[in-house]
There are 2 protein chains.
Amino acid sequence: MEKRIFKDKAYSLLAAMIKAMANPHRLEIVDLLGQGERTVEEIAEEANMSIANTSQHLQVLKQANLVEVRREGNYIHYRLTHEEVSKSWQMLRELGFSQLSEMERLIRDFREKRNSLEALPMDELLTRMRSRNLVVLDVRPAKEFNNGHIRGAINIPLEGLAAKINHLPKNKEYVAYCRGPFCVFADEAVALLTKRGFKAKRLMEGFPDWKMKGLPVETIES
Amino acid sequence: MEKRIFKDKAYSLLAAMIKAMANPHRLEIVDLLGQGERTVEEIAEEANMSIANTSQHLQVLKQANLVEVRREGNYIHYRLTHEEVSKSWQMLRELGFSQLSEMERLIRDFREKRNSLEALPMDELLTRMRSRNLVVLDVRPAKEFNNGHIRGAINIPLEGLAAKINHLPKNKEYVAYCRGPFCVFADEAVALLTKRGFKAKRLMEGFPDWKMKGLPVETIES
DNA sequence: CAAGTATTCAATAAAATAATTGAATACTAG
DNA sequence: CTAGTATTCAATTATTTTATTGAATACTTG
């Protein structure tokens, strides 16, 4: 094979794969599937898209070998093909954070109103976790918590937080986390906590990042 | 700002950046700029594109903050904005290698004909480099070699190899490397060397990968 | 300032991408 | 087998992306 043809084919194959990620909806889907598998319906609901549109975007991701499916009765469950997909997403996300000043501005605007601007990076949480005074709060739905969470974290899904907030000790410090930097559960939790006089911050990243970094996690078997 | 609007904006910003990479020509440009800055003319020549088309693709990359420019007289030099761009490219490339079976087939077909299929991974080269019997051959143009190369490597640009091959000792083993897995210099070098009875392999990756991994490099000041 | 070179710009046409709609499939439950 | 549900498919339209072409800019050199 001629040199030029080889190069054209190689770069085209990769570009096709990257193109599959180069869409806001599909990025959101990849991000979501980083938490574990989901049905088409669940994805559509989470990402605020029509079912048909969601399905079509999922086909694109499947074509590119980024996701795979499992049928269970009427439902079709989608999941990432490999952890590296999640890893690559995280890498691209970080690249965006470092390159795009608009991204920084967007996040600052959003978090300022929720008192969650001052976020804790993962390594800092790790060192401060030894303290008895720190409570790590997983504010994702129970299903995701059971599927894997930061070791030692307690699960209070955001929707249940308002009800349980009065039982929480005021003399502790709280660090809330959820799916990742674009997941707003942790921000809403911090907003609520600080409003009620608790000392709370959010984790900068999310659970998939923690896990991918090889930091201590635990799982609850169902 | 409302939750959904925030998410839409965040994923859109990232998708726009990724879209800038999601094109075969632009990937080739990013890959090439991983070696160091280049003028528009040089890029067009290397990637086999028209000047105007190259310029337009470069505008897209610039818009996404992936490359930046420096003017010097009539020439405009483009370079990657940060090392993380190169790092991300490498990550995506690896993702492609692991996900796309077609990619494996393409590379196998190309390298089989050049006796360069059996490639050496970086860590293996590192351990074997201590041996006095191994020669590490940088077959890129001298300019790129001077800009940085694997410590201890000798530079014989591919176009000069045929002329110098008779002065090379036959009792050594050779490992050739160049810009990366899609750069064909190393493959051509291995083809030539094995044809003349030398024992030669190519490095699986390229110099930017070696450098990014923090392995020993050296530079020649000009 | 005139001529020459490197690069960008603007306009065009062809091709690919994306959202919407309604119909078609592939299952389960009764 | 029928009705119901989750998902996919196909057709349509609007939008975006891409390559090509020739003209316009921004420099350098003499």
Side-chain angles (χ1 to χ4, degrees), chain A residues 4-5 7-9 11-30 32-33 37-79, chain B residues 4-5 7-9 11-30 32-33 37-79:
Chain A
R4 188 69 247 165
I5 297 178
K7 288 195 177 193
D8 285 348
K9 285 188 183 171
Y11 289 113
S12 293
L13 281 172
L14 280 174
M17 181 191 78
I18 297 173
K19 217 170 261 185
M21 295 204 253
N23 171 281
H25 291 308
R26 294 199 292 269
L27 279 183
E28 184 164 4
I29 293 173
V30 169
L32 180 62
L33 293 182
E37 63 170 30
R38 290 280 185 290
T39 66
V40 180
E41 220 181 6
E42 290 169 327
I43 296 166
E45 159 74 20
E46 273 283 356
N48 196 34
M49 302 161 64
S50 76
I51 299 274
N53 196 201
T54 303
S55 176
Q56 302 207 136
H57 281 297
L58 284 166
Q59 301 308 311
V60 175
L61 289 170
K62 196 167 80 173
Q63 200 76 28
N65 245 291
L66 297 172
V67 304
E68 57 190 10
V69 300
R70 176 176 74 81
R71 178 149 214 154
E72 198 181 291
N74 257 345
Y75 296 86
I76 293 184
H77 299 258
Y78 278 84
R79 62 171 171 245
Chain B
R4 188 68 248 166
I5 296 178
K7 288 196 178 193
D8 285 349
K9 284 188 182 170
Y11 289 113
S12 293
L13 280 173
L14 280 175
M17 181 191 78
I18 297 174
K19 215 170 264 185
M21 294 204 252
N23 172 281
H25 291 309
R26 293 198 293 268
L27 280 183
E28 184 164 4
I29 292 173
V30 169
L32 180 62
L33 293 183
E37 64 171 28
R38 289 280 185 288
T39 67
V40 180
E41 219 181 7
E42 289 169 328
I43 296 166
E45 160 74 20
E46 273 282 357
N48 197 35
M49 300 162 64
S50 76
I51 299 274
N53 197 200
T54 302
S55 176
Q56 302 208 136
H57 281 297
L58 285 165
Q59 300 310 310
V60 175
L61 289 170
K62 195 167 81 174
Q63 199 77 28
N65 244 291
L66 297 172
V67 305
E68 58 190 11
V69 300
R70 175 176 74 82
R71 178 148 214 157
E72 197 181 292
N74 258 344
Y75 295 88
I76 294 184
H77 299 258
Y78 279 84
R79 60 173 171 245

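Each chain gets a letter, A, B and so on, in the order the sequences are listed, and its residues count up from 1.
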**Q** Sequence neighbours left out, what passes salt bridge (Lys or Arg N to Asp or Glu O under 4.0 Å) with E42(B)? Give chain and number order.
**A**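 Counting only residues at least two positions away or on another chain, E42(B) forms a salt bridge (Lys or Arg N to Asp or Glu O under 4.0 Å) with K143(B).
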**Q** With nearest nucleotides of DNA chain C determined for E72(A) and V60(A) from heavy-atom distances, which residue corresponds to the more 5′ nucleotide?
**A**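 By nearest-heavy-atom nucleotide position, the 5'-most residue is V60(A).
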**Q** Taking ring-ring contact (aromatic ring centres under 6.0 Å, His included) as the test, write out the residues that go with H57(B), two or more places apart.
**A**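 Expected list: H25(B).
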**Q** What pairs with D8(A) under side-chain hydrogen bond (donor to acceptor under 3.5 Å, both in side chains), at least two apart in sequence or on another chain?
**A**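 Partners of D8(A) by the side-chain hydrogen bond (donor to acceptor under 3.5 Å, both in side chains) criterion, ordered by chain and then number, come out as R4(A).
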**Q** Quick one: does any side-chain atom of R70(B) pair with a main-chain N or O of E72(B) as donor and acceptor, under 3.5 Å?
**A**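 Absent.
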**Q** Suppose we screen for side-chain contact (heavy atoms from CB on, under 4.5 Å). Which residues come up paired with K19(B), at least two apart in sequence or across chains?
**A**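 For K19(B) the side-chain contact (heavy atoms from CB on, under 4.5 Å) partners, ignoring immediate neighbours, are A22(A).
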**Q** Without decimals, in angstroms, what is the distance between M49(B) CE and dT20(D) P?
**A**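 In whole Å, dT20(D) P lies 9 Å from M49(B) CE.
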**Q** Tell me which pairs pass salt bridge (Lys or Arg N to Asp or Glu O under 4.0 Å) where either residue lies in residues 44-56 of chain B, with sequence neighbours left out.
**A**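 Matches after skipping sequence neighbours: E46(B)-R179(B).
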**Q** Only Watson-Crick and G-U wobble pairs, only distances under 3.5 Å, only runs of 3 or more: what stems does that leave for DNA chain D?
**A**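 Correct response: C:1-30 with D:1-30.
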**Q** For Q56(B), check side-chain contact (heavy atoms from CB on, under 4.5 Å) against everything at least two apart and list the hits.
**A**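 Counting only residues at least two positions away or on another chain, Q56(B) forms no side-chain contact (heavy atoms from CB on, under 4.5 Å).
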**Q** May I ask you to list the residues of residues 11-29 of chain A, by number, that have any heavy atom positioned under 4.0 Å from an atom of DNA chain C?
**A**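 Within this stretch, K19(A), N23(A), H25(A), R26(A) sit under 4.0 Å of the strand.
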**Q** List in chain and number order the residues that pass side-chain contact (heavy atoms from CB on, under 4.5 Å) with A44(B), two or more places apart in sequence or in another chain; answer none if no residue qualifies.
**A**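 Partners of A44(B) by the side-chain contact (heavy atoms from CB on, under 4.5 Å) criterion, ordered by chain and then number, come out as I51(B), T54(B).
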**Q** Starting at the 5' end of nucleotides 4-14 of chain C, put B wherever the base has a protein heavy atom under 4.0 Å, S where only the sugar-phosphate does, and a dash everywhere else.
**A** BBSSBBB----
**Q** If a pair satisfies side chain to side chain donor-acceptor pair (under 3.5 Å) and one of its residues is in residues 59-68 of chain B, list it, with sequence neighbours excluded.
**A**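 Of all non-adjacent pairs touching residues 59-68 of chain B, those that pass side chain to side chain donor-acceptor pair (under 3.5 Å) are Q59(B)-Y78(B), E68(B)-R79(B).
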**Q** Among residues at least two apart in sequence or on other chains, which ones pass side-chain contact (heavy atoms from CB on, under 4.5 Å) with S12(A)?
**A**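 side-chain contact (heavy atoms from CB on, under 4.5 Å) check on S12(A) returns P24(B).
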